[in-house]
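To start, the structure itself, in structure tokens.
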Amino acid sequence: MIEQFTFLRDAPTAVKEQFQQHVIIHELPAGATVCWEGDHCQQLAIVLSGTVRVYKVGDNGRELTLYRLEASESCVLTASCILSNSYFPALAVTETAVRAALIPAPILRRWTEQYDIWREYVFGLMAQRLASVITTVEEIAFRRVDVRIAAFLDQHHNDTLTITHHEIAAELGTAREVVSRILKDYERERIIALSRGTITILNRPALHAKAIS
């Protein structure tokens, strides 16, 4: 595990020994809830393998993906909750089977006080994710939905995407009806073809032009 986490490779021996002593390996199947909104965070998870989606749900039921956690990554919201002794402000669900290294909250607090390397890791995590979330907010506030949908489709290298309109809406923080209407427009322009649960890109240059318009 230490080799997988680059920030620990050159850490002092005492830091590595503490990590090996206190870390707990935990596995979850796909579709498992990692954290509910309002949970008190008991540990920080560093993903070893798999993908976790962190998202918000509005009062109207609309979802917005904040970010995903992949291998070697950790959740900034969890770290913030542990250090501030506050509650988790979103939802976190596994999209695939996940294997993670869990650090108990009291241990993480102690490490951030005691070791520079852990303090730098946590604050670096916060800075990185904050920039990502700000980008998401800017996308929603200042970029047209049709452009965001085109960019979302264009970022996938495969020409056939297995995805529903609801899933796209959840990714982009908009309504499913809006996504369906825009996708229908793109289909009429012969940029894409729609079938149940599948979107096929027919004209990628035209789609890319939409994405950067």
Side-chain angles (χ1 to χ4, degrees), residues 28-37 47-77 89-100 125 128-213:
L28 287 170
T33 300
V34 180
C35 279
W36 293 96
E37 186 166 358
V47 176
L48 298 172
S49 62
T51 305
V52 178
R53 177 183 173 228
V54 181
Y55 65 102
K56 287 284 291 182
V57 179
D59 293 337
N60 58 0
R62 189 179 300 173
E63 297 179 6
L64 171 63
T65 299
L66 299 177
Y67 50 83
R68 283 180 169 80
L69 304 175
E70 308 282 354
S72 302
E73 296 181 338
S74 190
C75 180
V76 64
L77 292 178
L91 284 163
V93 175
T94 59
E95 291 191 318
T96 66
V98 168
R99 187 167 181 262
L125 177 67
Q128 178 184 2
R129 286 301 182 191
L130 180 60
S132 173
V133 171
I134 287 174
T135 298
T136 299
V137 172
E138 288 177 339
E139 288 277 317
I140 294 171
F142 305 121
R143 203 174 185 195
R144 296 197 322 267
V145 177
D146 60 326
V147 174
R148 294 171 58 219
I149 291 174
F152 176 82
L153 297 176
D154 191 39
Q155 73 183 359
H156 292 82
H157 298 297
N158 294 331
D159 285 339
T160 300
L161 287 70
T162 303
I163 192 169
T164 66
H165 298 189
H166 173 77
E167 288 170 332
I168 295 175
E171 286 296 309
L172 302 180
T174 188
R176 181 188 59 79
E177 294 79 7
V178 173
V179 171
S180 296
R181 175 177 55 78
I182 292 170
L183 290 177
K184 281 291 186 182
D185 289 343
Y186 288 165
E187 185 176 44
R188 281 191 289 270
E189 296 176 47
R190 300 187 182 279
I191 296 173
I192 61 172
L194 300 175
S195 58
R196 188 175 181 84
T198 302
I199 299 172
T200 302
I201 299 172
L202 303 176
N203 187 339
R204 189 171 287 275
L207 181 67
H208 182 71
K210 294 278 188 183
I212 62 174
S213 63

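The first residue of the sequence shown is numbered 1, and numbering continues consecutively from there.
Not a single side chain to side chain donor-acceptor pair (under 3.5 Å) links K184 to another residue, sequence neighbours left out. With sequence neighbours excluded, the residues forming a ring-ring contact (aromatic ring centres under 6.0 Å, His included) with H156 are F152, listed by chain and number. E167 meets the side chain to side chain contact (heavy atoms under 4.5 Å, CB included) test with I163, T164; sequence neighbours excluded. With sequence neighbours left out, R196 forms a salt bridge (Lys or Arg N to Asp or Glu O under 4.0 Å) with no residue at all.
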Using a 3.5 Å cut-off and no angle test, enumerate the donor-acceptor pairs between side-chain atoms of residues 168-181 and protein atoms at least two apart in sequence or in another chain.
residue	atom	partner	partner atom	Å
E171	OE1	R68	NH1	2.9
E171	OE2	T65	OG1	3.1
E171	OE2	R68	NH1	3.1
E171	OE2	R68	NH2	2.4
S180	OG	H165	ND1	2.7
S180	OG	R176	O	3.1

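Note that CZ of R143 is 8.5 Å distant from CZ of R148, once rounded to the nearest 0.5 Å. The OG1 atom of T135 sits 14.0 Å away from the OH atom of Y67 when rounded to the nearest 0.5 Å. Here R188 contributes atom CZ and L183 contributes atom CG; the two are 10.5 Å apart, rounded to the nearest 0.5 Å. In this structure, CG on L64 lies 11.5 Å from OH on Y55, to the nearest 0.5 angstrom. Put simply, CG on N158 and CG on L153 are 12.5 Å apart, with the number rounded to the nearest 0.5 Å. Here the CG atom belonging to L125 is positioned 9.5 Å from the CG atom belonging to L77, to the nearest 0.5 angstrom.
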For V34 and L28, run side-chain contact (heavy atoms from CB on, under 4.5 Å): C-alpha distance rounded to whole Å, both residues' side-chain angles, the deciding distance at 0.1 Å, then the answer. CA-CA 8 Å; V34 180; L28 287 170; 3.9 Å; yes
Going through the checks in order, is the side-chain contact (heavy atoms from CB on, under 4.5 Å) test met by I192 and L202? CA-CA 5 Å; I192 61 172; L202 303 176; 5.5 Å; no
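Proximity of a side-chain donor or acceptor of T96 to a complementary backbone N or O of G50 within less than 3.5 Å is not detected. Side chain of Y186 to backbone of I201: no donor-acceptor contact under 3.5 angstrom is found. At least one donor-acceptor pair under 3.5 Å links the side chain of T94 to the backbone N or O of G31.
Contact record, S74 with L69: O-CD2, 3.3 Å, taken as the closest heavy-atom pair. Annotation for V54 and C75: closest pair CG2-SG, 4.4 Å, computed over non-hydrogen atoms.
Residue pairs meeting the side chain to side chain donor-acceptor pair (under 3.5 Å) criterion with at least one member in residues 204-213, sequence neighbours excluded, are D154-R204, D154-H208, D159-R204, E189-K210.
Under the 4.5 Å side-chain criterion, counting only non-hydrogen atoms from C-beta, I199 is in contact with L194.
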